[in-house]
Colleague: 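The structure under discussion is supplied below as structure tokens; questions concerning it will follow.
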Amino acid sequence: MSVHTIAAVLGGKTPLGQEITVQGWVRTRRDSKAGLSFVTLHDGSSFEPLQIIAPAELPNYQGEVLHLTAGCALRVTGELIASSGKGQTVELRAARIEVVGWVEDPETYPIAPKAHSFEYLRSVAHLRPRTNSIGAVARVRHCLAQAIHRFLHENGYFWVHTPIITASDCEGAGALFRVSTLDLVNPPRTPEGGIDFSQDFFGRETFLTVSGQLNVEAYCLALSKVYTFGPTFRAENSNTSRHLAEFWMIEPETAFADLYANADLAEALLKEIFRVVLSERADDMAFFAQRIDKTCIQRLEQVVNSPFERLDYSEAIGILERSVQSFAFPVRWGMDLQSEHERYLAEDYVKGPLVLINYPKEIKSFYMRLNDDGRTVAAMDVLVPGIGEIIGGSQREERLDLLDARLDESGMDKMAYNWYRDLRRYGSVPHAGFGLGFERTISYVTGMSNVRDVIPFPRTPRGADY
RNA sequence: UCCCCGGUAGCUCAGUCGGUAGAGCAAGUGACUGUUAAUCACUGGGUCCGUGGUUCGAGUCCGCGCCGGGGAGCCA
């Protein structure tokens, strides 16, 4: 028995006339009085299913084949033949169909061969990967992850596994989830009445990480080019199509690099992974273009072939001030850009991805490098139409005195950052990095408008099912 | 957390002025057919989110609660 994936069979790797075995799940069954049934079988290896011809002569035709419904699991052995129908070039004439797993009650099987809303599919997250859409997302997600690793690897970047559990209680990027083994009902108390975290598992307060950046900087100042790719956690009560409590992020960090090299890397990375997904997942991308977002292929091709616009924050303010567009939030230098402003810049002014750089220091994090003007920092955001911020990054402050000043201004405890400050004491060099939101990238690529539908099991406020 | 919108058959939805429940798809049965999310006919399928109220009468109107979606803020 030679088991083939449907991707291999449809990819022309199996000669006609050969006897093969495929395994998968039934999508639909159509019966013909000509003495055969058509069963479309899907195994997830490609977007397209394989059509199985089930002749009435099969010993289990009456007893089993005629009762197959969507979702049944099959192992089929037969001869690969040229199709005499339209819609496919090859099909499998079954000599043997083994029902590996039945659907016990077809009427209540949640994945009917029909259109379902994504909202509904979220409520059956364990079965939704069997749909065209979510299956395609899963393959595109994998393809993008591989492309990112490959691109960074080929450019000399080392993947560093930064910790998920962190002790720094103030990384400055949002609310944290506590990690604790203390008894919630009767926690140990300090003499002052507070909770005594010295008795907790790690002997101190710990949290899930909101970013691997601070840790990866340490490896950057030893291996020169590094990156993280892992899960990240934010305990914010964000209920939007662009936020998750658990999401994945890619954070490259480059030594001896400034903000402009950083922006160049971001642009090259995005272009390369878009190019790869267009070529390696053409089947799934064609589906997204047909059913989800007509422009998604064209959009990626355009991005791959044109340079990213670069815009200074101060220039952007000027553009917004001069624009005839009316904004709910008035525009003035020093303000943080609102969604409506970012959307105008990316969707109307540039009509494509743009890199915004050199923001006022007051609205950015303590670790971003102070520019010579004394009032802006070397920060950058990459904005894309439809999603908004897909990348946030900066050149890091490598000068200890200036870093300390920023820690003080931000009211942070310097002692808690001693190891981070050490990096500025021992062989400090200019370095820069950014965070790429993986789900937002998938969302942008596929046109799937909600990040909850591009991660297998989304975690959101009041949402940790499955 | 705030602002909108929604919750009716397995799914997607309609439901008029407050008068006692409908369609499409799915499922089952049959017809037809090398079919393509086939087509046609028939059949079964309902705690109208929960709760309290107004009313002779509530899916429909009002209060409260729960859940979901979109947008905002935060950010990736």
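Values below: all heavy atoms of this structure, side chains included; hydrogens, waters and symmetry mates excluded. Remember, it's a predicted structure, so these values are computed and weren't measured experimentally. Chain letters run A, B, ... following the sequence lines, proteins first, then strands; residues in each count from 1.
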Colleague: Could you check which of rA76(B), rC32(B), rA72(B) has an atom nearest any side-chain atom of K33(A)?
Modeller: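 Of the candidates, rC32(B) comes closest.
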
Colleague: Taking only the side-chain nitrogens and oxygens of Q338(A), find out if one of them lies under 4.0 Å from OP1 or OP2 of rG73(B).
Modeller: yes

Colleague: Does a side chain donor of either R130(A) or Y109(A) reach within less than 3.5 Å of an acceptor in the other side chain?
Modeller: yes

Colleague: Between rG73(B), rG10(B), rC74(B), which one does the side chain of E236(A) approach most closely?
Modeller: rC74(B)

Colleague: Stacking between Y109(A) and the base of rG10(B) (centre distance under 5.5 Å, interplanar angle under 30°)?
Modeller: no

Colleague: rG34(B), rG70(B), rG69(B): which one has an atom nearest the side-chain heavy atoms of E119(A)?
Modeller: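 Selected nucleotide: rG69(B).
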
Colleague: Where the side chain of R440(A) is defined as all heavy atoms beyond and including C-beta, which of rG10(B), rC75(B), rU35(B) is the nearest nucleotide?
Modeller: rC75(B)

Colleague: Is it the case that rC66(B) (base atoms only) and R462(A) (side chain only) share a donor and an acceptor within less than 3.5 Å, ignoring hydrogens and angles?
Modeller: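 Flag unset: no donor-acceptor pair detected.
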
Colleague: When you measure from the side chain of D43(A) to the backbone of I6(A), do you find a donor-acceptor pair of N or O atoms at a distance under 3.5 Å?
Modeller: yes

Colleague: Now, which nucleotide makes the Watson-Crick or G-U wobble pair with rG68(B), with each of the two distances under 3.5 Å?
Modeller: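 Across all strands, the one nucleotide that pairs with rG68(B) is rC5(B).
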
Colleague: Tell me which nucleotide among rG10(B), rU1(B), rG34(B) gets nearest to the side chain of N237(A).
Modeller: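 Between rG10(B), rU1(B), rG34(B), the one nearest the side chain of N237(A) would be rU1(B).
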
Colleague: Counting the atoms with a prime plus P, OP1 and OP2 as sugar-phosphate, which does Q51(A) contact under 4.0 Å by heavy atoms, base, sugar-phosphate, or nothing?
Modeller: base

Colleague: Using 4.0 Å as the upper bound for N to carboxylate O, is an ion pair formed by R122(A) and E119(A)?
Modeller: no

Colleague: Between G463(A) and E389(A), just flag the one whose closest nucleotide in RNA chain B comes earlier from the 5' side.
Modeller: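 Nearest nucleotide further toward 5': that of G463(A).
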
Colleague: Looking only at atom P, what distance separates rG44(B) and rG10(B), rounded to whole Å?
Modeller: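 That atom pair is separated by 16 Å.
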
Colleague: Using a cut-off of less than 4.0 Å, is there contact between a side-chain N or O of T28(A) and OP1 or OP2 of rA37(B)?
Modeller: no

Colleague: Any strand is fair game: report the nucleotide pairing with rA23(B) by Watson-Crick or G-U wobble, both distances under 3.5 Å, or none.
Modeller: rU12(B)

Colleague: Which nucleotide sits closest to the side chain of H243(A): rG69(B), rC75(B), rA27(B)?
Modeller: rC75(B)

Colleague: State the pairing partner of rG63(B); accept Watson-Crick or G-U wobble contacts with both distances under 3.5 Å, and report none otherwise.
Modeller: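 Because both required distances fall under 3.5 Å, rG63(B) counts as paired with rU51(B).
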
Colleague: Where the side chain of R242(A) is defined as all heavy atoms beyond and including C-beta, which of rU12(B), rC74(B), rU36(B) is the nearest nucleotide?
Modeller: rC74(B)

Colleague: If you only use heavy atoms from C-beta on, which nucleotide in rA72(B), rA76(B), rU36(B) is closest to the side chain of L244(A)?
Modeller: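 The closest nucleotide is rA76(B).
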
Colleague: Could you tell me whether the side chains of Q213(A) and Y367(A) share a donor-acceptor contact shorter than 3.5 Å?
Modeller: yes

Colleague: When you measure only distances, ignoring hydrogens and angles, does the side chain of D31(A) come within 3.5 Å of the base of rU33(B) through a donor and an acceptor?
Modeller: no

Colleague: Identify whether any heavy atom of S339(A) sits under 4.0 Å from a base atom; if not, whether one sits that close to sugar-phosphate; answer base, sugar-phosphate or nothing.
Modeller: sugar-phosphate

Colleague: Taking atom P in both rU8(B) and rC49(B), compute the distance separating them and give it to the nearest angstrom.
Modeller: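 It comes out at 6 Å once rounded to the nearest Å.
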
Colleague: For the base of rC74(B), is there a side-chain donor-acceptor partner from S238(A) under 3.5 Å away?
Modeller: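 Indeed there is one.
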
Colleague: Hey, what's the ring geometry for Y227(A) with W159(A), parallel, tilted or perpendicular (30° and 60° as the breaks)?
Modeller: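 Ring orientation of Y227(A) relative to W159(A): parallel.
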
Colleague: Can you classify the ring geometry of Y466(A) versus H126(A) as parallel (below 30°), tilted (30 to 60°) or perpendicular (above 60°)?
Modeller: parallel

Colleague: Select one nucleotide: of rG28(B), rC75(B), rG71(B), the one nearest the side-chain heavy atoms of D336(A).
Modeller: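 Nearest nucleotide to the side chain: rC75(B).
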
Colleague: What does R343(A) touch in the nucleic acid at a heavy-atom separation under 4.0 angstrom: a base, only the sugar-phosphate, or nothing?
Modeller: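 Since only primed, P, OP1 and OP2 atoms lie under 4.0 Å of R343(A), the category is sugar-phosphate.
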
Colleague: Would you indicate what R291(A) reaches in the nucleic acid, counting non-hydrogen atoms under 4.0 angstrom: base, sugar-phosphate, or nothing?
Modeller: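 If one applies the 4.0 Å heavy-atom cut-off, R291(A) turns out to touch a base.
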
Colleague: From the list rG10(B), rG34(B), rG71(B), which nucleotide is the closest neighbour of the side chain of Y120(A)?
Modeller: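 Closest nucleotide to the Y120(A) side chain: rG10(B).
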
Colleague: What about E91(A), does its side chain sit under 3.5 Å from the base of rU36(B) through a donor-acceptor pair?
Modeller: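 No.
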
Colleague: Have a look at S241(A) and say if it touches a base, only the backbone sugar-phosphate, or nothing, with a 4.0 Å heavy-atom cut-off.
Modeller: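 Since only primed, P, OP1 and OP2 atoms lie under 4.0 Å of S241(A), the category is sugar-phosphate.
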
Colleague: Go through the side-chain N and O atoms of T28(A) and R30(A) and say whether any donor and acceptor fall under 3.5 Å apart.
Modeller: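 On atom types as modelled, these side chains qualify, holding a pair under 3.5 Å.
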
Colleague: Any side-chain N or O of N450(A) under 4.0 Å from OP1/OP2 of rG70(B)?
Modeller: yes

Colleague: How do F438(A) and S32(A) order along RNA chain B: which one's closest nucleotide is nearer the 5' end?
Modeller: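 First, find each residue's nearest nucleotide; the 5'-ward one identifies S32(A).
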
Colleague: Does G435(A) reach a base, just sugar-phosphate, or nothing at all? Heavy atoms under 4.0 Å.
Modeller: sugar-phosphate

